J.: 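Just passing along the structure, written as structure tokens.
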Amino acid sequence: MSESNLKSYVDDFFNDLILYDDYHNHHDYNGLLKAGIDVFLDNETAYNAYEIYQTFFMIYQITSENKSDGARITDSSIVSEPNTLLDLIKIMKKYEENTGELIEKQRDHFIHSVNVFLLGLAIYSQNRNYRDMFQAYVLDSPYEKYYKTGDGEFSHEEFLYRWGVASLFHDIGYPVEIIGKQLNKFINDSVKSISGTYGADTAIDFKDFNDFNTIVKMDPDFADKYTSVYPRAKFLNMFKPTDIMAQKISIDFPGVNVNQLVRHLDSFVDIMGESGFIDHGFFSAILVLNSYGYLIQKYAKNHDFFFYPIVDSATAILLHNYYRNVLQKKPFNLPALHPRGSPLAFLLILCDELQEWNRQPFGIKDKKRSHVNELVLDIDNTRLDVEYIVKSGSMGLGFSEDKEELLNNVLSIRSIFKRGLSVLTEVKQDNVLREIVKTEIQAPDVLLRNVEKLAIEIHQQYIDTTKAQYEEKIANGEEIDDTFMDKYENLVSFDELTPQLKIANIRQARSIPRKLNIIGCEMVNLSDERESITEFSEDEIMDLAIFEHDEWCEEKLGTGWTYGEEKDLKNLITPYLVPWEDLPEDIQQYDIDPVKNIPNLIDKIGLKIVRTKIRLLTFEMHKFYASEHDVVDFEDLPDYIKYSNYKQTDFLVKILSELGYDVVDIEDPRNAVTSFDDDSLEYLAHREHMAWYKLKINSGWKYGPVRDEELKINPNLQEWDELEVSKKQTNMRTFKNLPQMCETVGLKIVKN
């Protein structure tokens with residue numbers, strides 16, 4: 001795949017689409033909606049996304065008109081239907097933007113929903129199997145008022161309508177989940193600030209959930225048409241969204257007992273509270289039914305269509321999380337979802353999982369992770385190929401493989417794509433595994449006591465470097481630009497700096513332990529026996545310079561600075577509040593120089609920089625590996641393999657914790673673990689191998705009998721169960737010798 005076909009696929013959908021209002025009432029809604037989508041695809045902003053929401057609602061405003069075969073409207077009219085769901089969409093957007101800093105994990109759902117909508121249109125337009133199943137599903141229903149073309153044939157507009165409601169509003173209940181996450185984070189942050197041994201589970205209590213789970217009753221005969229077709233529904237409350245959806249699911253999936261499902265949905269709020277999670281799809285589905293139930297009763301002459309297209313869309317919203325989290329587990333035990341059962345739910349799960357590109361991070365942890373920047377898409381009647389383009393960082397261990405596995409477990413993918421689904425990830429950078437993790441660490445007390453001395457040294461180095469650059473330019477006869485001259489002429493001592501500039505130097509000093517932690521280093525006393533680090537590698541310097549610029553931007557924004565093309569100190573305007581890659585090279589040097597000077601700075605306050613013991617453990621593990629294999633020394637490895645090894649060591653600590661072990665300093669008073677039993681060795685080796693396997697697959701490696709670095713071929717690139725016994729034992733020997741390797745670098749393993 002070489003280019004994204006999303007736009008051309010969406011074009012195909014609209015080229016084949018004939019809207020009722022366009023041919024019947026002389027509108028150009030097709031062109032209007034398509035124009036909004038084109039603008040959005042050129043610039044995926046919230047402003048352009050909202051335009052699509054508004055246009056969709058305008059086209060499908062609830063009126064008394066029968067749009068399948070009604071009479072032509074000959075005069076203009078004003079319809080006063082309130083935009084209830086549009087209001088909910090705006091609320092969701094506001095909650096996401098304003099609460100992300102209080103939540104660990106949260107990404108955009110506003111623009112995301114529009115992209116889910118467009119991806120669904122693309123799949124529908126390119127895959128005949130899905131179109132046929134959707135049409136058969138609608139025609140098999142008792143509902144006969146579906147959208148038809150001018151000559152009475154089934155219209156693709158029926159899909160546009162049902163899919164638009166399902167996809168555009170599938171996350172409108174997300175603020176409920178946000179509130180739950182906020183509460184959980186606040187409580188746990190509070191107790192953990194006292195001691196890491198504390199823990200607390202929180203839940204939101206819905207005392208009046210039955211009131212929320214009720215459609216306003218304006219027409220007592222509202223449900224009669226439905227119950228006349230489905231007499232078994234007469235014992236259910238057709239003004240209760242969960243009862244309506246339970247009946248719908250039991251019809252679409254005959255193996256589901258409606259009474260059992262009603263009981264589960266009635267108790268689902270309590271189940272979520274007890275289990276410590278919130279399914280926002282559950283609340284989104286209820287909100288859709290509440291809103292449309294009210295609007296249709298009040299503004300539409302024909303009420304029965306609520307129970308078919310609207311309930312179909314809302315139930316798909318419920319199922320997009322509920323199917324895999326509930327219906328595929330006991331007591332329901334449903335198999336992978338086939339599109340014949342619920343074509344909308346099938347497509348919503350598929351598109352919701354695949355929509356990873358351009359999702360703005362709001363949560364604290366999500367802001368620190370790499371994200372998909374672009375999508376390359378290839379769809380036909382037999383296959384769906386998705387490739388994510390990541391411009392920096394990586395998507396983590398086994399991202400593509402895990403995505404494929406999840407979708408194949410939840411959905412019957414081959415029912416519409418006979419050749420299956422392929423998810424790939426391409427990282428547009430040289431060092432595939434280079435990923436900065438900005439760890440939150442506590443600055444050592446020794447630094448805090450000397451932070452002002454370090455800040456003074458930082459400023460003095462800035463003066464010395466600037467003067468040296470000036471003298472070099474003069475000696476070389478270089479022309480000195482106004483920016484540099486202004487910088488040189490305004491050099492003053494630390495005492496003469498403005499308060500804001502003093503604080504800027506303090507910030508830079510306090511940041512040094514965090515920078516060192518990123519590259520596996522720490523500050524220690526001169527008496528420490530570890531070898532002193534007097535300079536960093538080029539990759540490390542670049543990582544830390546980018547981090548320094550990010551912190552500088554955060555500082556400037558936090559102290560009232562704004563972006564402007566011309567620098568204005570008086571009005572706090574700077575042209576450098578931009579991403580690192582947009583900085584001129586000479587300005588990037590202002591971040592690179594102080595990073596290079598960190599070892600010298602630390603030396604001046606009587607400390608030294610050393611590798612952390614965890615990083616030293618990486619070297620020790622490579623020595624052990626090299627003793628059994630013909631490989632080069634660690635320092636001679638390519639940088640991307642070094643980064644890979646660093647990540648594997650960090651992951652090793654994580655999987656040890658899964659079995660209840662901690663890796664601690666040798667001085668820790670707890671007894672050291674000197675060996676593992678066979679079951680533990682098997683578990684640890686299996687987990688470590690699969691992490692390595694996913695990391696390689698995600699980086700473009702493949703299996704082959706002979707190792708080839710250039711072609712990215714490795715004979716060990718197999719699932720754990722497929723590995724030869726001898727290779728499994730090699731992995732297990734690493735963990736068998738791990739206690740001794742830890743002791744060598746001043747660490748030990750203890751039972752926590």
Side-chain angles (χ1 to χ4, degrees), residues 57 60-64 79-89 91-92 141-143 145 161-162 164-166 168-176 206-252 258-259 261-269 279-320 322 344-345:
F57 255 94
Y60 298 111
Q61 198 163 17
I62 304 301
T63 69
S64 60
V79 181
S80 58
E81 173 212 335
N83 288 327
T84 310
L85 289 174
L86 275 181
D87 291 339
L88 290 171
I89 284 292
I91 291 171
M92 179 191 73
S141 166
Y143 185 64
K145 296 177 182 177
Y161 179 47
R162 296 192 188 203
V165 174
L168 291 174
F169 308 117
H170 76 280
D171 281 338
I172 58 171
Y174 195 71
V176 179
F206 293 86
K207 294 185 180 298
D208 299 317
F209 178 71
N210 288 334
D211 289 344
F212 171 70
N213 187 29
T214 300
I215 298 170
V216 176
K217 185 183 291 187
M218 303 178 67
D219 179 359
D221 300 324
F222 182 51
D224 286 351
K225 178 72 180 283
Y226 186 78
T227 53
S228 67
V229 178
Y230 297 109
R232 288 183 301 171
K234 287 185 176 179
F235 75 93
L236 296 174
N237 182 352
M238 288 293 102
F239 287 91
K240 182 179 177 183
T242 51
D243 277 19
I244 295 171
M245 291 187 288
Q247 173 70 10
K248 174 68 174 170
I249 292 170
S250 69
I251 293 170
D252 289 341
V258 65
N259 298 321
L261 187 56
V262 165
R263 288 194 295 272
H264 189 275
L265 287 170
D266 281 345
S267 60
F268 195 42
V269 168
D279 180 354
H280 64 270
F282 175 75
F283 296 101
S284 296
I286 292 174
L287 286 166
V288 166
L289 290 180
N290 283 345
S291 297
Y292 272 103
Y294 168 78
L295 295 173
I296 288 171
Q297 287 183 85
K298 185 169 183 179
Y299 296 101
K301 286 183 179 178
N302 299 303
H303 297 169
D304 58 317
F305 79 89
F306 170 82
F307 293 103
Y308 297 95
I310 298 302
V311 169
D312 185 25
S313 299
T315 306
I317 291 173
L318 170 67
L319 291 175
H320 89 277
Y322 193 80
L344 285 187

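The model shown is predicted, which means the values in this text are computed figures rather than measured ones. Sequence positions, counted from 1, serve as the residue numbers for this chain.
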J.: Do His320 and His280 come within less than 4.5 Å of each other through their side chains, counting heavy atoms only?
T.: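 Heavy-atom side-chain distance check passes, below 4.5 Å.
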
J.: To the nearest 0.5 Å, tell me how far Leu236 CG sits from Lys234 NZ.
T.: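 Nearest 0.5 Å value for the CG-NZ distance: 12.5 Å.
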
J.: If we only count heavy atoms from C-beta on, is the Met245 to Leu261 side-chain gap below 4.5 Å?
T.: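 SC-SC contact between Met245 and Leu261 ruled out.
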
J.: Hey, does the side chain of Ser291 reach the backbone of Val288 with a donor-acceptor pair shorter than 3.5 angstrom?
T.: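 Pair absent, no side-chain N/O of Ser291 close to backbone of Val288.
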
J.: Should the ring pair Tyr60 and Tyr161 be called parallel, tilted or perpendicular, given that the plane angle runs from 0 to 90° and is split at 30 and 60?
T.: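 Aromatic pair Tyr60/Tyr161 classed tilted.
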
J.: Quick one, Phe306 and Ile62 - any side-chain contact, counting heavy atoms below 4.5 Å?
T.: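 No, side chains not in contact.
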
J.: Find the distance between CD1 (Ile244) and NZ (Lys248) and round it off to the nearest 0.5 Å.
T.: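 That separation rounds to 12.0 Å.
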
J.: Fit a plane to each ring of Phe282 and Phe268, take the angle between them on a 0 to 90° scale, and name the class: parallel (under 30°), tilted (30 to 60°) or perpendicular (over 60°).
T.: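 The rings of Phe282 and Phe268 stand perpendicular, inter-plane angle above 60°.
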
J.: Both conditions, 6.0 Å and 45 degrees, for the charged tip of Lys145 above the ring of Phe305: are they met here?
T.: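 The answer is no, since Lys145 fails at least one limit relative to Phe305.
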
J.: Can you tell me how far CE of Met238 sits from NZ of Lys225, rounded to the nearest 0.5 angstrom?
T.: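 If I round to the nearest 0.5 Å, the distance is 15.0 Å.
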
J.: What is the minimum heavy-atom distance between Arg162 and Tyr308, and which atoms define it?
T.: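 Looking at all heavy atoms of both residues, the shortest contact is NH1-O, 4.2 Å.
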
J.: Check whether any side-chain heavy atom of Phe169 lies under 4.5 Å from a side-chain heavy atom of Leu287, and answer yes or no.
T.: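 No. Closest side-chain heavy atoms not under 4.5 Å.
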
J.: Which is it for Ile286 and Phe209 under the side-chain contact (heavy atoms from CB on, under 4.5 Å) test, yes or no, and what are the steps along the way?
T.: CA-CA 11 Å; Ile286 292 174; Phe209 178 71; 3.9 Å; yes

J.: Please say which of Asp312, Ile317, Thr315 ends up in a side chain to side chain contact (heavy atoms under 4.5 Å, CB included) with Leu344.
T.: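 For Leu344, the side chain to side chain contact (heavy atoms under 4.5 Å, CB included) test succeeds with only one of Asp312, Ile317, Thr315, which is Asp312.
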
J.: With a 3.5 Å distance limit and no angle check, can you tell me whether Asn290 reaches the backbone of Phe212 through a side-chain donor-acceptor pair?
T.: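 Checking the backbone N and O of Phe212 against the side chain of Asn290, a donor-acceptor pair under 3.5 Å is found.
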
J.: If you look at every heavy atom in Gly173 and Ser284, which pair is closest and at what distance?
T.: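 Heavy-atom minimum between the residues: N-OG, 2.7 Å.
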
J.: Side chain of Thr227, backbone of Asp224: donor and acceptor closer than 3.5 Å?
T.: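 At least one qualifying donor-acceptor pair exists.
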
J.: Heavy atoms, side chains only, cut-off 4.5 Å: are Tyr294 and Ile215 in contact?
T.: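 Not in contact.
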
J.: Counting C-beta onward and ignoring hydrogens, is there a side-chain heavy-atom pair between Tyr226 and Val311 closer than 4.5 Å?
T.: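 Side-chain contact under 4.5 Å: no.
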
J.: For Phe222 and Gly293, work out which heavy atoms get closest and say how close.
T.: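 Looking at all heavy atoms of both residues, the closest pair is CZ-O, 4.3 Å.
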
J.: Taking the side chain as everything from C-beta on, heavy atoms only, tell me whether Gln247 gets closer than 4.5 Å to Tyr230.
T.: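 Yes, side chains in contact.
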
J.: Locate the shortest heavy-atom distance separating Ala316 from Ala345; write the atom from each residue and the value.
T.: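 So the two residues come closest at CB-N, 3.5 Å.
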
J.: Is it true that a side-chain atom of Gln297 and a backbone atom of Val216 form a donor plus acceptor pair closer than 3.5 Å?
T.: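 At least one qualifying donor-acceptor pair exists.
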
J.: Identify the heavy atoms of Ala246 and Val258 that sit nearest to each other, and give their distance.
T.: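 Ala246 and Val258 have their closest heavy atoms at O-CG2, 3.8 Å.
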
J.: Return the orientation label for the Tyr322 and His264 ring planes: parallel under 30°, perpendicular over 60°, tilted otherwise.
T.: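 Answer is perpendicular, since the angle exceeds 60°.
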
J.: Side chains of Asn213 and Leu265: closer than 4.5 Å at any heavy-atom pair?
T.: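 In short, these two side chains do not touch, never coming nearer than 4.5 Å.
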
